[in-house]
Amino acid sequence: MFEAPVQRLIDELARLPGIGRKSAQRLAFHLLHIEEADAVRLGSSIIDLRREVRLCSRCFNVTSDEECSICRDLRRDPTVLCVVERAQDIPVIEGTQEFSGRYHVLGGAISPIEGIGPDQLRMRELVARIDQEGVAEVIAATNPTVEGDATALYLARLLKPLGVRVTQLASGLPVGGDLDYADEVTLGRALVGRQEL
Amino acid sequence: MHLAWLELRDFRSYESLDFRPDPGVNVLVGHNGAGKTNVLEAIGYLSALRSFRGSPDAALIRSGTPAGIVRGGFERESGEVRVEVEIPEGGRRRVLFNGKRPQRFSDVARELPLVAFLPDDLDLLKGGPGGRRQYIDDLIARLHPAAGADLAEYDKALRQRNSLLRNEGPAADALTIDVWDDRLADLGSRVFTHRLRLLDRIAPVLAASYRTVGGSEELTFTYTTQWMGAAGKGTSRDPGDHIDAIRDALSARRMRDLDQKTTTLGPHRDDPGIRIDDRDARTQASQGEQRSAALGLRIAAYRALENRHDRPPMLLLDDVFSELDPLRAGGVLELLPKGQVFVTTARDDEVPVAGRRWAVRGGVVT
């Protein structure tokens, strides 16, 4: 046990994802020694995050305005929607420079074990956007997990009857790597999904 | 490959054990309850990452202590492979493979080939289909990584569907169940064909293994499902060919599943069986035939792993010689000289093989 203020910080830090007891202690003792100005900046940036950031009213991306910068960008193609589980997936896909449509953040994946069904995700909001925005294609960019795949299937079953084309990201080999470094499951899937040349 | 060292802390009956076994044959001698099997169980746990007794992790922690720890180092030509597991009371276990978290637990099993012969192996013949499915699935995961991943995913999808049925019952959203049916059909068809292909592969090995333990009859596998009847030679081994059959069967069972709040049909309920000549080994074989067939199954697993890795797997023999006549014991002994072996026995003279003797007494191995 440490002095109460130190212990309180350790407890708070240890609740963050990916941070265990040991890391929390290390961080806490590091913070103990930083300049006061740095501490204030760190503290206020956490508070500002709560005050200034909200969810885009259209796609549920994080934004500081009513709508996010992607939804406001008139050059983006409104007929293609990329559906992701979490807002942090958006910058990853943006980084590819390959996608010029808009996004929709579901807020998770279907997982009955965790009590998450379609009603707990932003499915209704998605269906509403199909009509409003004239969406022709939905790309399911969910994680390649059992839950992510089930969510992609759900999107297909939900949206195809509305005349929407539903596609899913392909799974395969990392580009620029050697075959012998690929893990066997990924390579096995890539083999099953091989393409005609 | 062999286990060079094993460390236990608060694992089963052991407060602390540091064990440096011989690279060849190790015979652990001790009274019943002395803790011999616990040592074998710990070694098996390092490879399979579960108890070969089927015990839940919580049962492995020495009672009254906060966490159990198993660590072991395996020596290979390419250097040491280290597996470390910490099992906290009421928490998630932590697994390190060479100091890092393994991507998949089956990666560990594949790197550390191991076969255990257990006193309850007769249940593979006499018991229900669960033990036989486990035997097959365990071998699939050890032999074929991508197939092992399919088994794990089927299991996850099944637990999700069951959770939905249990929590929501008849009120469950039909579209959501459809989606899980699709996943189960797709993954289930893969599981089914992986199993058939595994049985194809080890059937000749099993027949030969059965003869080395004194069997003269014809030994064959059968495989019965509730969704397509009995599978046979003519059944397609293509994973794409059974998706519709499983999906149709699931949807025909939907009312019953909703009512019983669980998935009552699919590869997780399939029944792999064994026939001795034309008799069902479960109900129409003698005790002796069943014992030989059980040994045959374990020997076949050993041969299949040996073949895959070009080196003998580690072998755990938990109190098997007390039940065996010299002929059947001879079939097991044929496996012995090659790799590292751990044998437990209450009576030293029952084990007809040379090797390092260890006395197990009062939580100490000397």
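What you see below is based on every heavy atom in this structure, not just the backbone, and it leaves out hydrogens, waters and symmetry mates. Because the structure is predicted, anything quoted here is derived from the model rather than measured. Quick note on labels: first sequence line is chain A, next is B, and so on, each numbered from 1.
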Please classify the contact between [X] and chain A as side chain, backbone, both or neither, with a heavy-atom cut-off of under 4.5 Å.
X        : answer
B/Gln103 : side chain
B/Arg161 : neither
B/Asp107 : neither

- Item | A/Pro118 and B/Asp173, any side-chain heavy atoms less than 4.5 Å apart | yes
- Message: More than 12 heavy atoms of other residues, nucleotides or ligands under 6.0 Å from CZ of A/Arg165: yes or no?
- Response: no
- Are more than 12 heavy atoms from other residues, nucleotides or ligands located less than 6.0 Å from atom CZ of B/Arg94? no
- Message: Heavy-atom pairs under 4.5 Å with chain B - which of A/Leu187, A/Leu158, A/Leu153 has more of them than the others?
- Response: A/Leu153
- Query: Hey, which of A/Asp119, A/Asp149, A/Thr145 has the most heavy atom pairs under 4.5 Å with chain B?
  - Reply: A/Asp149
- Considering all heavy atoms, the nearest A/Val146-B/Arg183 contact: O-NE, 4.4 Å
- Message: What's the separation between atom CD in B/Gln160 and atom CD1 in A/Ile116, rounded to the nearest 0.5 Å?
- Response: 9.0 Å
- Identify which one of B/Ile177, B/Leu164, B/Asn162 satisfies the side chain to side chain contact (heavy atoms under 4.5 Å, CB included) criterion when paired with A/Pro112. B/Leu164
